Amino acid sequence: MAEIPNKFDVIVIGAGPAGSASAYYLATKGFKVLMLERGRSPGSKNVFGGRVYVAPLREIFSDFEKTAPIHRWVTRERMSFMYGNELVSLDYEGNDHKSFTTYLSQLVAWMALKAETAGVSIVNDITVTGLLKEGNKVIGIKSGNESVKADVVIDAEGVNRLVLESAGTVPPLKPSNVALGVKEVVKVNPEVLANEFGLGDGEGMAWSLMGDVTSGLPGGGFIYTNKDSVSIGLVMLLDNAISGANDEVYRYVERLKAHPKLNKYFKDSRIMEYSAHLIPEDVWSLRPPKLAYDGLLIAGDAAGFLLNLGYTYRGVDFAAYSGYLAGKAIEQAHELGGMSAINLAAYPKLLDQSFIMKNLKRFNGTNKLMHNRRLFTAYPAMMVSLMKRIYSLDYESQKIFNTVLASAKENGVGPFTLISDGIEVIRYL
Ligand SMILES: Cc1cc2nc3c(=O)[nH]c(=O)nc-3n(C[C@H](O)[C@H](O)[C@H](O)COP(=O)(O)OP(=O)(O)OC[C@H]3O[C@@H](n4cnc5c(N)ncnc54)[C@H](O)[C@@H]3O)c2cc1C
């Protein structure tokens, strides 16, 4: 770090979506910004499933659609319930360009390049080890024995947030606060994308799976189609993965690819990449006591800004937008005369007015559904049994209502449990 000037307006810890978006915004407003990334290059350490919602990114980067690495627009959504060798799927086909698939490594590299082009100094291969403080005020960062000063630091270090932990700002992560995600990117034949997934040029599929995919453990699987590859993986609550997984977690992904109803999508495929990462899950417990301190703002996964609705994850757009709002708050604090917690209080206010906090509040409690095991065991089995009873018959057809009750009973779910679980799902989702 010797050649780095010793004072910046802003230091950003982590060049992920949150860090890169904040650094980009601030550089376009004339701030002198240093962004530090522990990976070899921006994007090299970032992991996600495969789909990003575009609207917030369009707002941050006006030329987003022209130059960003968009692989395919999601035009097909599929949700499948798996039980044994069978599955029941809901399929939706649209064409409204609201979300796209990509590699996060490419998207983050693109965002960081935008930041660098706007004037941000990026230093890779550097791990920030602590916050530099004067009393309670953050005045820079430490990396080993070295330090760099800044008027304000944006912590965008992601879910592990070891820097915040070492500064005593947040407690250590608990396994019950996070989920474990594992993922493979596999190269597939173009004909598989066209014929098996049924996708035309530029069209993509986002597919979520529940049930036997995690052997009934709370969590689910995902499949996303990229330009010429497929991302496949699953997410499980970490404490359940530790105590309940009956195999190495990556083997669940192998089994998913080999499933009799899925293997045609992975015929002759070749693994290009394998990754694993934690994901904020119990986001309200993860939330730091404050988001704005004297000289410090917290953005992205480090602040617990992620929405998991079971059928979709929103982390990248939440992270990028929170970084962008951190940038706006710093701009306002600068006009007010300095980076005190009071002047930076615009940040939580901007977040409250934005889709981020509106969504997190609207879906507060959704993670409680993860603790209802029936959603991952009995109900996927019931969906399969229901479809079988409706469609696979010889002579007599049954009334749907009776068939629902019979399928529920077959899977150990009585009518009252069915109703109360139904109400719980409707209430939270
Ligand atoms: C398996 C999985 C599937 C997911 N699926 C989706 C999805 O489909 N769609 C979606 O929108 N979101 C998804 N997410 C969530 C999404 O990936 C995250 O919410 C998002 O990446 C958070 O961005 P961030 O910038 O806050 O953190 P990160 O992306 O984690 O970036 C943090 C950066 O900080 C760097 N860093 C960390 N510590 C230090 C340090 N001490 N010094 C210097 N640098 C440091 C890291 O190397 C990293 O580059 C998924 C996540 C996982 C794990």
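Remember, it's 1-based here, ligands and their atoms both numbered in the order they're listed. The model shown is predicted, which means the values in this text are computed figures rather than measured ones. Computed over heavy atoms, backbone and side chain alike; hydrogens, waters and symmetry mates excluded.
Protein heavy atom nearest atom 27 (O) of ligand 1, with residue, atom name and distance: Gly158 CA, 3.6 Å. The closest protein non-hydrogen atom to atom 5 (N) of ligand 1 is Gly49 N, 2.7 Å. Protein heavy atom at the shortest distance from atom 42 (N) of ligand 1 is Val128 N, 2.9 Å. Among all non-hydrogen protein atoms, the one lying nearest atom 49 (O) of ligand 1 is Glu37 OE1, 2.6 Å. For atom 15 (C) of ligand 1, the nearest protein heavy atom (residue, atom name, distance) is Leu306 CD1, 3.5 Å. Given atom 2 (C) of ligand 1, the protein heavy atom at minimum distance is Ile279 CD1, 3.6 Å. The protein heavy-atom contact nearest to atom 37 (C) of ligand 1 is Glu157 O, 3.1 Å. Among all protein heavy atoms, the one lying closest to atom 36 (N) of ligand 1 is Arg38 NE, 3.4 Å.
Between Val316 and ligand 1, at least one N/O pair is under 3.5 Å apart. Residue Gly39 has no nitrogen or oxygen atom sitting less than 3.5 Å from a nitrogen or oxygen atom of ligand 1, judged on distance alone. Between Gly315 and ligand 1, a contact under 3.5 Å exists for at least one N or O pair. At a 3.5 angstrom cut-off on N or O pairs, Val163 does not count as close to ligand 1. Not one N or O of Ile13 is nearer than 3.5 Å to an N or O of ligand 1, by distance alone.
Listed by number with element, the atoms of ligand 1 under 4.0 angstrom from any heavy atom of Gly14 are 33 (C), 34 (O), 35 (C), 44 (N). For ligand 1 and Ala18, the ligand atoms under 4.0 Å from any heavy atom of the residue are 25 (O), 26 (O).
Between Glu184 and Lys257 there is a salt bridge, since a side-chain N of the basic residue sits under 4.0 Å from a carboxylate O of the acidic one. Classification of Asp352 and Lys358 as a salt-bridged pair fails, no side-chain N sitting under 4.0 Å from a carboxylate O. Ion pair Asp317/Arg314 flagged as a salt bridge, since at least one NZ, NE, NH1 or NH2 atom sits closer than 4.0 Å to an Asp/Glu carboxylate oxygen. A salt bridge does not link Asp282 to Lys174: none of the charged nitrogens lies less than 4.0 Å from a carboxylate oxygen.
Listed by first and then second residue, the ring pair (Phe, Tyr, Trp, His ring centres under 6.0 Å) pairs involving residues 340-369 are Phe318-Phe355, Tyr321-Phe355 (not counting sequence neighbours).
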